[in-house]
Novice: 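Take this structure first; my questions come after.
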Amino acid sequence: MTMPRLTLDRRRLLGGAAMASAGLALGAPNLLRAAEIDTSDLAPITGNVAPIGRDERAARIARARALMVANNIDAIVVEPGASLVYFTGIRWWRSERLTAVVIPASGDPVIVTPFFERPSVAESLGIAADIRTWNEDESPTRLVGDILTEQGLAKGRIGIEETVRFFAADGLAHALPHASLVAAAPVVRGVRMRKTAAEIALMQAATDVTIAAYRWTAPRIAEGMSNHDISAMMDAATRALGGSPEFSLILLGEASAYPHGSGQPQVVRNGEIVLMDCGCTVEDYQSDVSRTFVFGGDPNAQQRKVWNEVARGQQVARAAAKLGAPAGSVDDAVRGYYESLGYGPRYALPGLSHRTGHGIGMEGHEPVNLVHGETTPLDVGMCFSNEPGLYFPGKFGVRLEDCFHMTETGPQWFSTPPKDILAPFA
């Protein structure tokens with residue numbers, strides 16, 4: 001079962017805007033085309049993946065409790081979303097009816113949910129936890145307050161996960177007027193940003209699906225196709241290979257100069273850039289891979305030059321990603337290299353207008369980022385995208401993106417960066 005999406009990714013939103021600008025119903029053309037695409041020559045490659053189990057989730061809670069003690073936090077409160085799945089396995093959505101988990105520094109977690117939702121919420125529960133319910137004429141935040149009071153935390157320091165909505169935090173503040181509500185980020189981020197071997201394996205599986213889908217899709221791209229045609233092929237291949245598509249951003253020609261695309265109609269033309277930024281989910285964990293190439297022949301001198309500079313930028317980033325180094329130093333190294341070539345300075349165009357990379361795991365974008373000023377030291381288990389694109393407004397852009405994870409011996413790729421613009425999927 002796939003966790004319901006809580007927000008629209010910018011890449012998806014821009015794709016929808018492009019369809020709307022063409023006078024098409026949102027999402028319908030892709031769905032229709034995908035149903036007609038023959039992927040009978042593909043088979044799932046995810047049959048041997050191992051979902052996250054109860055022992056792994058119990059270990060996560062144990063690590064969270066250690067961080068609570070270290071940060072003087074007595075309990076944390078988490079709403080539905082990636083962090084709720086991460087700690088509890090519960091796949092639920094957000095509505096005006098509060099469902100949440102209370103994880104104390106000592107004692108079992110407690111799930112809070114509407115009475116009539118209890119059986120449904122319990123289906124995906126993957127830890128030992130009590131489930132406490134509230135009825136439609138009762139206050140869920142008062143119930144959370146009562147639970148914390150029962151645990152002796154009426155005056156405690158309660159960590160609120162960063163995506164918890166205002167009405168929930170405000171309601172809890174009124175229910176526990178003598179408690180201190182603080183950011184739970186040192187706990188939640190502290191655990192989630194360091195992936196275990198089980199998580200790394202799932203991210204590798206997702207990346208393998210995306211690379212295989214690229215290799216199937218690329219030879220089928222034809223002159224005159226729209227970006228939506230290519231996206232539909234990529235999504236169909238991803239599903240056939242065993243992944244769940246998260247995004248398939250296709251930027252053609254001038255649109256490649258804008259990192260998240262354009263709403264203007266786009267078609268494949270000989271000699272023009274094709275930039276593909278795609279990712280999928282396997283058992284809750286994501287991939288994110290970008291490739292850029294020229295359709296229908298050899299690239300011109302400028303296209304090849306810029307592609308090679310971006311490829312070199314990826315290697316500069318990898319070389320700078322050393323254990324203990326501030327995450328921002330990776331971005332600084334890339335930006336320094338690009339400025340030595342005359343780009344920028346900093347985020348100015350033509351050049352690299354976005355960060356060098358972002359954290360990735362259960363969500364496509366997670367803390368921490370490879371961006372100037374980020375002081376968090378790189379540590380074992382941290383996972384990042386490496387995507388130092390170069391963009392020329394009104395002309396074209398190039399982005400190569402491969403993710404890596406930090407090991408005891410340094411960064412290790414999930415996907416291997418291409419070495420030549422003529423072999424982007426090698």
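We number each residue from 1, following the sequence as shown.
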Novice: Only pairs at least two apart or in different chains count here, so list each salt bridge (Lys or Arg N to Asp or Glu O under 4.0 Å) that has a residue in residues 199-225.
Specialist: D41-R220, R60-E199
Novice: Per the salt bridge (Lys or Arg N to Asp or Glu O under 4.0 Å) rule, what does the pair list look like for residues 317-329, sequence neighbours excluded?
Specialist: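 Passing the test, one end in residues 317-329: no pairs.
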Novice: Please check if the number of heavy atoms outside H372 that lie under 6.0 Å from its NE2 is greater than 12.
Specialist: no
Novice: Could you pull out all residues at least two apart from Y258 that satisfy ring pair (Phe, Tyr, Trp, His ring centres under 6.0 Å)?
Specialist: none
Novice: Applying side-chain hydrogen bond (donor to acceptor under 3.5 Å, both in side chains), name anything that partners Y337, two or more places apart in sequence or on another chain.
Specialist: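 Testing Y337 for side-chain hydrogen bond (donor to acceptor under 3.5 Å, both in side chains), a comparison that skips the adjacent residues, returns none.
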Novice: Say whether R91 and S120, considering side chains only, have a donor N or O and an acceptor N or O under 3.5 Å apart.
Specialist: no
Novice: Please set out all donor-acceptor pairs under 3.5 angstrom arising from side-chain atoms of residues 62-69, sequence neighbours excluded.
Specialist:
from: R63; atom 1: NH2; to: Y86; atom 2: OH; distance (Å): 3.3
from: R65; atom 1: NE; to: P104; atom 2: O; distance (Å): 3.2
from: R65; atom 1: NH2; to: G107; atom 2: O; distance (Å): 2.2

Novice: Please determine, by modelled atom types, if Q412 and T407 share a side-chain donor-acceptor pair under 3.5 angstrom.
Specialist: no
Novice: Is F247 close to D288 at the side-chain level, that is, under 4.5 Å between some pair of heavy atoms?
Specialist: yes
Novice: Taking atom types as modelled, is there a side-chain donor on S262 or Q264 under 3.5 Å from an acceptor on the other?
Specialist: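 Absent: no donor and acceptor within the cut-off.
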Novice: So which pairs with a foot in residues 335-354 pass salt bridge (Lys or Arg N to Asp or Glu O under 4.0 Å), sequence neighbours left out?
Specialist: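 For residues 335-354: D331-R335.
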Novice: Looking just at side-chain N and O atoms, do R192 and S83 make a donor-acceptor pair shorter than 3.5 Å?
Specialist: yes
Novice: Can you check ring-ring contact (aromatic ring centres under 6.0 Å, His included) on Y391 and H354, steps first, answer last?
Specialist: CA-CA 10 Å; Y391 307 97; H354 56 73; 5.3 Å; yes
Novice: Can you check whether I158 reaches V182 side chain to side chain, under 4.5 Å on heavy atoms?
Specialist: no
Novice: Between the side chains of S329 and D332, is a donor N or O closer than 3.5 angstrom to an acceptor N or O?
Specialist: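 Per modelled atom types, S329 and D332 side chains form no pair under 3.5 Å.
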Novice: If we only count heavy atoms from C-beta on, is the N227 to I230 side-chain gap below 4.5 Å?
Specialist: no
Novice: Do H405 and V380 have side chains that get closer than 4.5 Å, going by heavy atoms?
Specialist: no
Novice: If you look only at pairs with a residue in residues 289-302, which of them pass as a salt bridge (Lys or Arg N to Asp or Glu O under 4.0 Å), with sequence neighbours excluded?
Specialist: R291-D402
Novice: For the residue pair L370 and R355, establish whether any side-chain heavy-atom pair is separated by less than 4.5 Å.
Specialist: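 Answer no - side chains too far apart.
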Novice: Between E56 and T196, is there a side-chain donor-acceptor contact under 3.5 Å, judged purely by atom types and distance?
Specialist: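 Present: a donor and an acceptor within the cut-off.
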Novice: Do I61 and T88 make a side-chain contact, defined as non-hydrogen atoms from C-beta onward lying under 4.5 Å apart?
Specialist: no
Novice: List in chain and number order the residues that pass salt bridge (Lys or Arg N to Asp or Glu O under 4.0 Å) with E374, two or more places apart in sequence or in another chain; answer none if no residue qualifies.
Specialist: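 If we apply the salt bridge (Lys or Arg N to Asp or Glu O under 4.0 Å) test to E374, skipping adjacent residues, there are no hits.
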Novice: Would you call F396 and Q302 a side-chain contact if the rule is heavy atoms closer than 4.5 Å?
Specialist: yes
Novice: Listing request: all ring-ring contact (aromatic ring centres under 6.0 Å, His included) pairs with a residue in residues 39-79, at least two apart in sequence or in separate chains.
Specialist: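 Qualifying pairs, neighbours excluded: none.
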Novice: Can you name the residues that form a salt bridge (Lys or Arg N to Asp or Glu O under 4.0 Å) with K419, not counting sequence neighbours?
Specialist: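 K419 satisfies salt bridge (Lys or Arg N to Asp or Glu O under 4.0 Å) with no residue once adjacent residues are dropped.
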Novice: Check the pair R165, E96 against salt bridge (Lys or Arg N to Asp or Glu O under 4.0 Å), reporting the backbone distance first and the verdict last.
Specialist: CA-CA 10 Å; R165 291 166 294 174; E96 75 281 6; over 6 Å; no
Novice: Please lay out, stage by stage, how T238 and D235 fare under the test side-chain hydrogen bond (donor to acceptor under 3.5 Å, both in side chains).
Specialist: CA-CA 5 Å; T238 297; D235 287 350; 5.3 Å; no
Novice: Would you confirm whether N71, through its side chain, and I73, through its main-chain N or O, come within 3.5 Å as a donor-acceptor pair?
Specialist: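 Judged by distance alone, no pair lies under 3.5 Å.
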Novice: Considering non-hydrogen atoms only, spot the tightest contact between P109 and I127 and give its length.
Specialist: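 In this case the closest contact between P109 and I127 is CG-CD1, 3.9 Å.
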Novice: Report yes if some heavy atom in the side chain of V144 is under 4.5 Å from a heavy atom in the side chain of V102; otherwise report no.
Specialist: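 The answer is yes; the side chains approach within 4.5 Å.
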Novice: Identify, with sequence neighbours excluded, every residue that meets salt bridge (Lys or Arg N to Asp or Glu O under 4.0 Å) alongside R304.
Specialist: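 With neighbours one apart ignored, the set is D420.
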Novice: Which pair of heavy atoms, one from I273 and one from G397, lies closest together, and at what distance?
Specialist: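 Looks like CG2-O, 3.6 Å.
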Novice: For F425 and F293, take the angle between the two ring planes, folded into 0 to 90°, and tell me which bin it lands in: parallel under 30, tilted 30 to 60, perpendicular over 60.
Specialist: perpendicular
Novice: Can you measure from CG (D277) to CD (E401) and round to the nearest 0.5 angstrom?
Specialist: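 Reported value, rounded in 0.5 Å steps: 5.0 Å.
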Novice: What orientation do F384 and F404 show, parallel under 30°, tilted 30 to 60°, or perpendicular over 60°?
Specialist: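 Rings of F384 and F404: tilted, as their planes differ by 30° to 60°.
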Novice: Distance check, rounded to the nearest 0.5 Å: L275 atom CG versus L249 atom CG?
Specialist: 7.5 Å
Novice: Checking side-chain hydrogen bond (donor to acceptor under 3.5 Å, both in side chains) for the pair R189/T376: CA distance, chi angles, key distance, verdict?
Specialist: CA-CA 11 Å; R189 288 189 182 186; T376 302; over 6 Å; no
Novice: Can you label the angle between the Y338 ring and the Y343 ring as parallel, tilted or perpendicular, going by 30° and 60°?
Specialist: perpendicular
Novice: Counting N and O atoms only, with roles assigned by atom type, does the side chain of T46 sit under 3.5 Å from a partner on the main chain of V49, one being a donor and the other an acceptor?
Specialist: no
Novice: Have T207 and S287 got a donor and an acceptor in their side chains that come within less than 3.5 Å?
Specialist: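 No - no donor-acceptor pair under 3.5 Å links their side chains.
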Novice: Between E254 and K395, is there a salt bridge with N-O shorter than 4.0 Å?
Specialist: no
Novice: Please find the pair of heavy atoms, one from A240 and one from L42, that lie closest to each other, and give the distance.
Specialist: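 Looking at all heavy atoms of both residues, the shortest contact is CB-CB, 3.9 Å.
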Novice: Taking salt bridge (Lys or Arg N to Asp or Glu O under 4.0 Å) as the definition, give me every residue that meets it alongside R54, ordered by chain and number, with sequence neighbours left out.
Specialist: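 By the salt bridge (Lys or Arg N to Asp or Glu O under 4.0 Å) rule, R54 matches no residue at all.
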Novice: Please indicate whether N300 has more than 12 foreign heavy atoms, meaning atoms of other residues, nucleotides or ligands, lying under 6.0 Å from its CG.
Specialist: yes
